[in-house]
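Take a look at the structure below.
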Protein chains: 2
Amino acid sequence: MSTTAPLRPRKAQIDRTATALFRARGFAATSMRELATALGLEAGSLYSHIKSKEEILHRVCFGLAESFFAGFAAATLDATAPVATQLRQAIEAHVRVLTSDSAASAVFLHEWRHLSEPARGEFLALRDRYEAAFRELIAKGVAAGELHTPDTAFAALTLLASLNWLPAWYRPEGKLAPDEIAHRLAEQLLSGLRHDG
Amino acid sequence: MSTTAPLRPRKAQIDRTATALFRARGFAATSMRELATALGLEAGSLYSHIKSKEEILHRVCFGLAESFFAGFAAATLDATAPVATQLRQAIEAHVRVLTSDSAASAVFLHEWRHLSEPARGEFLALRDRYEAAFRELIAKGVAAGELHTPDTAFAALTLLASLNWLPAWYRPEGKLAPDEIAHRLAEQLLSGLRHDG
DNA sequence: CCTACCGATCGGTAGG
DNA sequence: CCTACCGATCGGTAGG
């Protein structure tokens with residue numbers, strides 16, 4: 001776990017505002033002038049706080065990756081617990097990250113491709129490792145007879161896909177609280193739609 | 001169902017090449033000069049075939065929408081069939097569209113936000129109608145006692161999310177054929193992961 | 001389909 | 001944090 005130094009308040013504010021714009025309009029279509037205006041600054045002034053537009057994207061993407069790994073690690077700390085329990089906790093942890101900052105999550109999910117190399121490759125490697133962690137947990141569950149699927153990799157991809165759609169429709173002021181959402185997602189993914197399946 | 005006139009070959013080629021670029025780099029980050037180069041033309045020459053960059057995006061997004069609706073309509077033609085069967089066929093139809101042109105599907109899923117109004121609003125209305133069709137089918141299944149879920153809207157969103165992740169990893173040369181993918185997705189979504197659930 | 005070009009806007013910098 | 005500016009590149013057009 002690489003530890004990240006806390007950002008100066010102004011820099012954190014730039015990241016937050018940029019994240020909202022990147023989410024709404026996409027990284028490439030967001031100009032530094034728009035960002036500056038949203039912050040009440042001139043464009044050139046941004047560069048006394050940051051080095052480049054991509055630096056912001058880098059911080060958002062890798063910061064979220066760190067949050068996801070931390071959540072998964074906490075959820076699976078007790079390796080002797082039933083795998084279904086660990087999986088449910090991992091799902092809840094993932095949903096908690098997605099809902100606690102859905103703008104940053106959307107950027108993490110969709111804008112990473114605008115990272116230039118080598119950051120882009122490093123990011124994809126992290127994402128692969130995270131998917132692998134879910135895959136291995138599911139495989140463990142199948143081996144223990146707790147879970148059932150014809151294809152572990154397939155199951156992991158589908159599970160994460162269902163979760164990662166959340167930032168597209170989640171609204172903090174909506175009627176479902178994050179924990180309730182996590183619970184329903186876990187239930188539906190574990191039990192399926194079929195009656196008395 | 002609005003009928004679309006067939007495109008002249010050159011225009012169709014421009015759309016295909018642009019779609020691949022939009023998918024790989026995003027709409028905003030793809031320049032008309034890149035597109036022209038990929039086609040072996042000069043940038044200005046593109047405009048004897050198309051009116052604007054956005055016109056291409058418009059055609060791709062609305063063309064895919066038409067394909068999705070046509071697939072759903074065919075899958076649910078026989079309204080007296082068991083709802084589980086209709087749902088399975090709708091899933092298969094959706095997957096068939098996604099796999100038959102995964103580049104256009106990825107653009108449909110992620111680049112529509114670069115449409116300007118009123119096209120953007122029209123697109124979102126179509127997407128909502130499509131989600132509603134799945135939601136109503138699931139609701140019908142719950143009413144008939146064939147399906148089970150605490151929240152129909154939630155179930156529809158999760159189902160489509162799982163399917164729509166496909167273009168992110170599907171490769172035509174991969175080991176799973178589209179029909180096999182559709183079958184496994186339907187099976188997993190209907191039955192869930194839990195053993196003897 | 002090309003050549004030559006337009007005005008607008010881009011990310012970023014120098015100097016204060 | 002601002003003013004003033006850089007070179008590069010953008011989508012698109014005129015005229016042939």
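Proteins get letters first, then strands, A, B, ... in listed order; numbering begins at 1 in each. Note that these values count all heavy atoms, side chains included, but never hydrogens, waters or copies made by symmetry.
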request  = Begin from the C-alpha positions of B:Phe108 and B:Phe22 and carry the test ring pair (Phe, Tyr, Trp, His ring centres under 6.0 Å) through to its verdict.
outcome  = CA-CA 10 Å; B:Phe108 169 92; B:Phe22 290 169; over 10 Å; no

task = Given side-chain contact (heavy atoms from CB on, under 4.5 Å), test A:Leu87 with A:Leu159 step by step and report yes or no.
result = CA-CA 11 Å; A:Leu87 183 57; A:Leu159 183 148; 4.2 Å; yes

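Within the 3.5 Å criterion, the main-chain N or O of A:Ser116 finds a donor-acceptor partner in the side chain of A:Glu54. Checked by atom type and distance alone, the side chain of B:Glu34 pairs as donor or acceptor with a backbone atom of B:Ser31 at under 3.5 Å.
At least one side-chain heavy atom of A:Ile181 sits under 4.5 Å from a side-chain heavy atom of A:Tyr170. Annotation: side chain of B:Asp78 is not in contact with side chain of B:Gln89 (no heavy-atom distance under 4.5 Å). Within the 4.5 Å cutoff, no side-chain heavy atoms of A:Leu160 are placed close to those of B:Trp165. Residues B:Arg23 and B:Ser102 meet the side-chain proximity criterion, which asks for heavy atoms closer than 4.5 Å.
Across all strands shown, B:Ser31 has heavy atoms under 4.0 Å from sugar-phosphate atoms exclusively, and none from any base.
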note = Encoded 5' to 3' (Watson-Crick or G-U under 3.5 Å; [ ] crossing; | other strand), DNA chain C becomes ||||||||||||||||

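Protein chain B touches strand DNA chain D; the 5'-most and 3'-most nucleotides with an atom under 4.0 angstrom of its non-hydrogen atoms are D:dC10 to D:dT13.
Listed by residue number, A:Leu41, A:Glu42, A:Ser45 are the residues of residues 37-45 of chain A with a heavy-atom contact under 4.0 Å to DNA chain D.
Note: B:Tyr130 and B:His94 have parallel aromatic rings, judged against thresholds of 30 and 60 degrees for the angle between ring planes.
Between A:Arg33 and A:His49, the residue whose closest nucleotide on DNA chain D is further toward the 5' end is A:His49.
Both the sub-6.0 Å distance and the 45° axial angle are not jointly satisfied by A:Arg127 relative to the ring of A:Phe68.
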